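Working notes, beginning with the structure itself.
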There are 2 protein chains.
Amino acid sequence: MRGEVQRGELRHDRPDDVPEEVPDEVFDALADPTRRRLLDEISSRGPISATHLAAGFPVTRQAVVKHLSALSTAGLLSSDRHGREVLYAVVPGRLQQATAWLDDVGRRWDDRLAALVEHLSPPPPA
Amino acid sequence: MRGEVQRGELRHDRPDDVPEEVPDEVFDALADPTRRRLLDEISSRGPISATHLAAGFPVTRQAVVKHLSALSTAGLLSSDRHGREVLYAVVPGRLQQATAWLDDVGRRWDDRLAALVEHLSPPPPA
DNA sequence: ATAATCTGCAACTCAGCAGTTGCAGATTGG
DNA sequence: CCAATCTGCAACTGCTGAGTTGCAGATTAT
């Protein structure tokens with residue numbers, strides 16, 4: 001037996017370009033530990049420049065800038081230019097999109113379990 | 001000027017091996033779109049084997065197995081062997097750890113904004 | 001027993017991303 | 001004006017992770 005017939009076609013009728021209604025870049029941005037620490041710092045210290053942030057991190061300023069760009073692309077940060085420096089700030093509403101998906105999965109699973117319990121345990125004799 | 005004095009030392013006194021109190025593997029597991037779709041499927045269809053899942057995905061069974069392993073390592077899935085097949089199920093409690101961090105950052109930022117508004121707007125003249 | 005399934009391990013390829021260095025443009029301060 | 005500072009762009013390196021193929025062991029069905 002060679003080659004195992006794997007790689008079937010999808011059963012769901014989602015179009016290929018809309019595989020899920022989930023904020024893709026958001027999770028991607030949150031995946032990196034350094035990016036999460038940056039979000040952490042900014043949320044604590046308030047609007048701050050890349051150079052100032054980099055002073056507190058073990059990586060170069062350029063690396064920090066790339067991470068901030070990723071976070072901005074995901075809509076988690078906003079950047080405003082003040083004079084010669086650029087201050088980054090948190091956009092809190094965007095975080096809810098991530099939690100929404102997590103809650104959805106969790107709730108769906110809870111519903112499954114609840115339905116299962118309901119099905120397995122008939123009402124006690126009165 | 002060559003070399004820019006970047007790469008400063010951390011200002012926080014966190015030890016290096018405990019950079020953050022955040023579920024690292026969880027975010028790492030949630031970073032991949034395929035893994036999120038797998039979680040999605042399992043939460044909808046209930047306990048299911050890797051082979052069955054792979055039939056609905058455009059990748060090989062092995063790839064699915066690797067993703068399921070990552071999700072299990074993160075504590076998001078549990079696996080039970082029934083006969084010759086292994087059924088994967090969602091562990092919903094673990095998802096709350098991820099949402100907890102997101103909520104923390106969001107709430108902290110909201111507090112900052114609230115304090116700022118409080119400070120900038122003195123009580124109106126009576 | 002034998003064929004069909006399902007799982008698991010190992011080695012390999014390949015693209016992407018984190019991080020780096022180097023330099024040039026723009027802005028503030030003395 | 002000149003020096004210091006902050007930002008931005010581009011090219012390069014290195015590693016990790018997603019996905020693959022190939023095969024072997026275990027379990028069920030005929």
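In what follows, every chain begins at residue 1, and chains take the letters A, B, ... in the order their sequences are listed. Quick caveat: nothing in here was measured; it's all calculated off a predicted structure.
- For Asp28(A) and Val86(B), each mapped to the nucleotide of DNA chain C holding its nearest heavy atom, the one lying further toward the 5' end belongs to Val86(B).
- We find that Arg36(A) and Asp40(A) are not joined by a salt bridge, their nearest charged nitrogen and carboxylate oxygen being 4.0 Å or further apart.
- The side chain of His67(A) contributes an N or O atom lying less than 4.0 Å from OP1 or OP2 of dG19(C).
- Asp32(B) places its CG atom 18 Å from the P atom of dT16(D), with the value rounded to the nearest Å.
- By the criterion of side-chain heavy atoms lying less than 4.5 angstrom apart, applied directly or through intervening Ile, Leu, Val, Met, Phe, Trp or Tyr residues, Val65(B) is not grouped with Leu77(B); the two fall into different hydrophobic clusters.
- Rounded to whole angstrom, the span from the CZ atom of Phe57(A) across to the C1' atom of dT20(C) amounts to 18 Å.
- As a whole-Å value, the separation of Arg81(B) CZ from dT27(D) C1' is 8 Å.
- Here the P atom of nucleotide dG17(D) and the CG atom of Asp24(B) are 12 Å apart, to the nearest Å.
- Taking only distance into account, the side chain of Lys66(B) never meets the base of dG17(D) through a donor-acceptor pair shorter than 3.5 Å.
- A chain of hydrophobic side-chain contacts below 4.5 Å, direct or via other Ile, Leu, Val, Met, Phe, Trp or Tyr residues, connects Val59(B) to Leu30(B).
- Donor-acceptor pairing under 3.5 Å, judged by distance alone, is absent between the side chain of Arg61(A) and the base of dG19(C).
- Each of Gly83(A) and Ser49(B) was assigned the nucleotide of DNA chain C with the nearest heavy atom; the assignment lying further toward the 5' end belongs to Ser49(B).
- With dA18(C), dT20(D), dT21(C) as the choices, the nucleotide that has an atom nearest any side-chain atom of Gln62(A) turns out to be dT21(C).
- Rounded to whole Å, the distance from CZ on Arg37(A) to C1' on dG19(C) is 16 Å.
- In this entry the distance linking CG of Leu68(A) with P of dA18(C) reads 12 Å, nearest Å.
- The NE2-P distance, from His82(A) to dC6(D), rounds to 16 Å in whole Å.
- Whole-Å rounding puts the Glu85(B) CD to dT28(D) P distance at 9 Å.
- Checking dG19(D), dA18(D), dG22(C) against the side-chain heavy atoms of Arg35(B) singles out dA18(D) as nearest.
- Salt bridge annotation for Asp104(B)-Arg107(B): present, with a cationic side-chain nitrogen under 4.0 angstrom from a carboxylate oxygen.
- Salt bridge annotation for Arg108(A)-Asp111(A): absent, with no cationic side-chain nitrogen under 4.0 angstrom from a carboxylate oxygen.
- The listed nucleotides are dT20(C), dC6(C), dG19(D); the one nearest the side chain of Arg84(B) is dC6(C).
- Closest approach to the Ala63(B) side chain among dT20(C), dG19(D), dG8(C) is made by dG19(D) (side chain taken as heavy atoms from C-beta onward).
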